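These figures come from a predicted structure and were not determined experimentally.
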Amino acid sequence: MSQLLEYTYVQPEKEKRYPLPPSVLRVASTLQFARIGFCDFPKEVAPSLNFPFLRQLNLWWVSISEDVFSVVLSGCRVLGNLYLSEIRDVDCLSISSPSLRIIVISYLFEGKGELLIKEAPCLVRLLLSCPGGEIIRVLRAPKLEILGLLSPCISEIDIANIVFKGSIPSRSENPICTVKVLALHFSRPNLDAVLDVLRCFPCLEKLYVIWDDYVKAEMKNVRQYEPLDPIKCLESHLKVLVLINYEGGEEDVGFAKFFVLNAEVVKEINFGVCKNIDIDMKWMTDQLMLLEAENRASQHARLKFGSSSASWFGSLDTRDLSIADPFSYCFVDRDNVTAVQLLA
């Protein structure tokens with residue numbers, strides 16, 4: 001039986017890193033969970049890196065070459081979860097793994113760099129928090145179901161031959177039909193941009209749209225919405241819409257109202273309201289009137305108001321990457337029952 005162990009090496013002086021300690025090699029054959037930070041992976045240790053029972057690997061602020069990284073992954077034969085953050089002294093990483101189910105990326109490179117996911121037949125979720133400069137290419141991930149945050153801050157994402165540059169997708173005859181949960185991260189409500197993205201995910205069931213002033217990148221070359229060109233997921237698949245940092249102003253209402261009036265099978269529209277807004281019964285009643293809730297396309301839809309959390313990625317528990325919906329805590333119900341308004 002393998003032991004459930006954790007190895008973490010953290011150097012207090014953030015700019016100073018040391019070679020991977022020999023103790024890692026001694027316990028490698030029993031590790032199931034490893035968190036390694038502020039270390040250098042020398043090429044000399046690569047042939048000795050073998051983690052037969054490792055199920056989750058977290059690497060942050062480490063220096064590692066492309067070749068050594070590939071050797072590490074090839075030695076992780078049952079690896080399910082991979083977390084990468086601030087990888088140093090390399091501008092390209094390649095991933096091929098028959099077992100990986102979850103990849104989480106946060107501030108991947110110091111500057112510009114490319115992550116190539118060549119072969120990931122079991123990959124179910126790809127979670128991103130990249131401030132800019134990264135290029136992410138997914139060549140083969142036939143089971144990908146959960147994706148986000150897609151943001152204009154990410155230079156380029158290429159999935160199944162659809163290229164998203166600043167979140168604007170290229171035209172493609174091969175939409176991504178496996179993705180069921182998608183999270184988008186924009187600076188402000190931009191309906192055309194969101195609908196442009198939705199055309200690429202015809203089987204989408206749950207959509208998060210997060211508005212955040214931190215996102216400074218502008219959306220360029222967005223195709224205008226064409227009512228005569230239907231969006232498939234709105235007609236037959238989208239069940240849940242979550243809007244984060246909703247304030248109830250004219251832009252917010254206009255964005256949300258489109259989905260109220262056009263999402264034909266939606267069951268829930270959750271409004272994650274900014275904490276500076278006082279959600280009382282009058283405010284909610286006014287919002288329902290502005291949203292034309294009585295004319296909603298799906299008569300079974302429930303409109304629900306609650307508070308929204310400040311930051312998705314900052315609160316992600318990297319010890320439990322398999323949580324059913326990694327974006328779900330963005331929407332937080334208020335304890336006060338008057339803060340929720342349901343339409344039966």
Side-chain angles (χ1 to χ4, degrees), residues 84 91-95 102-109 111-118 120 123-212 214-226 229 231-234 237-238 241 244 255 312-313 326-327:
L84 300 174
D91 57 11
C92 183
L93 293 176
S94 178
I95 294 176
I102 301 171
I103 298 175
V104 183
I105 300 164
S106 173
Y107 300 93
L108 185 54
F109 300 110
K112 293 185 177 180
E114 179 174 337
L115 176 69
L116 179 62
I117 303 175
K118 285 185 177 179
L123 186 65
V124 176
R125 56 183 68 183
L126 178 59
L127 307 180
L128 310 169
S129 178
C130 305
E134 292 84 358
I135 295 176
I136 301 169
R137 303 191 192 282
V138 182
L139 299 188
R140 185 171 184 270
K143 296 183 178 180
L144 185 63
E145 293 185 359
I146 300 177
L147 175 63
L149 305 170
L150 288 189
S151 164
C153 290
I154 303 174
S155 292
E156 182 177 320
I157 301 179
D158 185 346
I159 303 176
N161 295 320
I162 298 179
V163 179
F164 297 86
K165 289 189 176 182
S167 293
I168 304 302
S170 62
R171 294 185 179 273
S172 174
E173 301 300 325
N174 299 306
I176 305 169
C177 297
T178 59
V179 172
K180 302 295 191 297
V181 179
L182 176 67
L184 304 176
H185 195 197
F186 294 139
S187 61
R188 60 180 183 82
N190 190 325
L191 181 61
D192 285 325
V194 171
L195 297 180
D196 208 1
V197 173
L198 292 189
R199 295 186 189 282
C200 303
F201 302 97
C203 299
L204 191 68
E205 296 178 0
K206 192 170 187 178
L207 173 65
Y208 289 86
V209 182
I210 302 172
W211 300 320
D212 188 349
Y214 175 77
V215 180
K216 301 299 183 183
E218 296 183 4
M219 307 293 291
K220 298 180 180 180
N221 302 318
V222 177
R223 283 173 282 181
Q224 298 296 307
Y225 171 63
E226 174 50 65
D229 184 11
I231 298 173
K232 186 174 180 180
C233 70
L234 294 182
H237 287 88
L238 187 68
L241 171 65
I244 303 300
F255 182 97
W312 170 72
F313 210 88
F327 310 113

Discussion item. Please evaluate residues Val197 and Leu182 with respect to the criterion side chain to side chain contact (heavy atoms under 4.5 Å, CB included), reporting the C-alpha separation (whole Å), side-chain torsions for both, the decisive distance (0.1 Å), and the verdict.
Written reply: CA-CA 10 Å; Val197 173; Leu182 176 67; 3.9 Å; yes
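- Taking each heavy atom of Cys92 and Phe109 in turn, the nearest pair found is N-CE2, 4.2 Å.
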Worksheet item: Given the rule in the side chain to side chain contact (heavy atoms under 4.5 Å, CB included) test, do Val163 and Glu156 qualify, once you have shown the distances and angles that lead to the verdict?
Response: CA-CA 7 Å; Val163 179; Glu156 182 177 320; 3.7 Å; yes
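- In this structure, the side chains of Ile244 and Phe327 stay at 4.5 Å or more apart for every pair of heavy atoms.
- Between Val138 and the choices Ile176, Ile117, Asn161, the side chain to side chain contact (heavy atoms under 4.5 Å, CB included) rule is met once, by Ile117.
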Discussion item. Please evaluate residues Ile102 and Val104 with respect to the criterion side chain to side chain contact (heavy atoms under 4.5 Å, CB included), reporting the C-alpha separation (whole Å), side-chain torsions for both, the decisive distance (0.1 Å), and the verdict.
Written reply: CA-CA 7 Å; Ile102 301 171; Val104 183; 3.9 Å; yes
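- In terms of heavy atoms, Pro202 sits closest to His237 at O-ND1, 3.4 Å.
- Looking only at side-chain heavy atoms (C-beta outward), Leu127 and Ile146 come within less than 4.5 Å of each other.
- Of the inter-residue distances, the one linking Leu139 atom CG with Leu116 atom CG reads 4.5 Å to the nearest 0.5 angstrom.
- We find the CG-CG distance between Leu115 and Leu84 to be 7.0 Å, quoted to the nearest 0.5 Å.
- In this structure, CD1 in Ile135 is found 12.0 Å from CG in Leu108, a value given to the nearest 0.5 Å.
- The CG atom of Leu147 lies 8.5 Å from the CG atom of Leu184; values are rounded to the nearest 0.5 Å.
- Between Phe255 and Trp211, the two ring planes are perpendicular [angle over 60°; tilted spans 30° to 60°].
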Practice prompt. Could you check Arg199 against Ile231 for side chain to side chain contact (heavy atoms under 4.5 Å, CB included), going step by step and ending with a plain yes or no?
Written response: CA-CA 6 Å; Arg199 295 186 189 282; Ile231 298 173; 3.5 Å; yes
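- Between the CG atom in Leu241 and the OH atom in Tyr208 there is a gap of 10.5 Å [rounded to 0.5 Å].
- Remark: the backbone N or O of Thr178 is paired with a side-chain donor or acceptor of Lys180 at under 3.5 angstrom.
- The two residues Pro169 and Cys200 make their nearest non-hydrogen contact at CB-SG, 3.5 Å.
- Between atom CG of residue Leu128 and atom CD1 of residue Ile136 there is a gap of 4.5 Å, rounded to the nearest 0.5 Å.
- Residue Phe201 forms a side chain to side chain contact (heavy atoms under 4.5 Å, CB included) with just one option from Val179, Leu207, Leu238, Val181, and that option is Val179.
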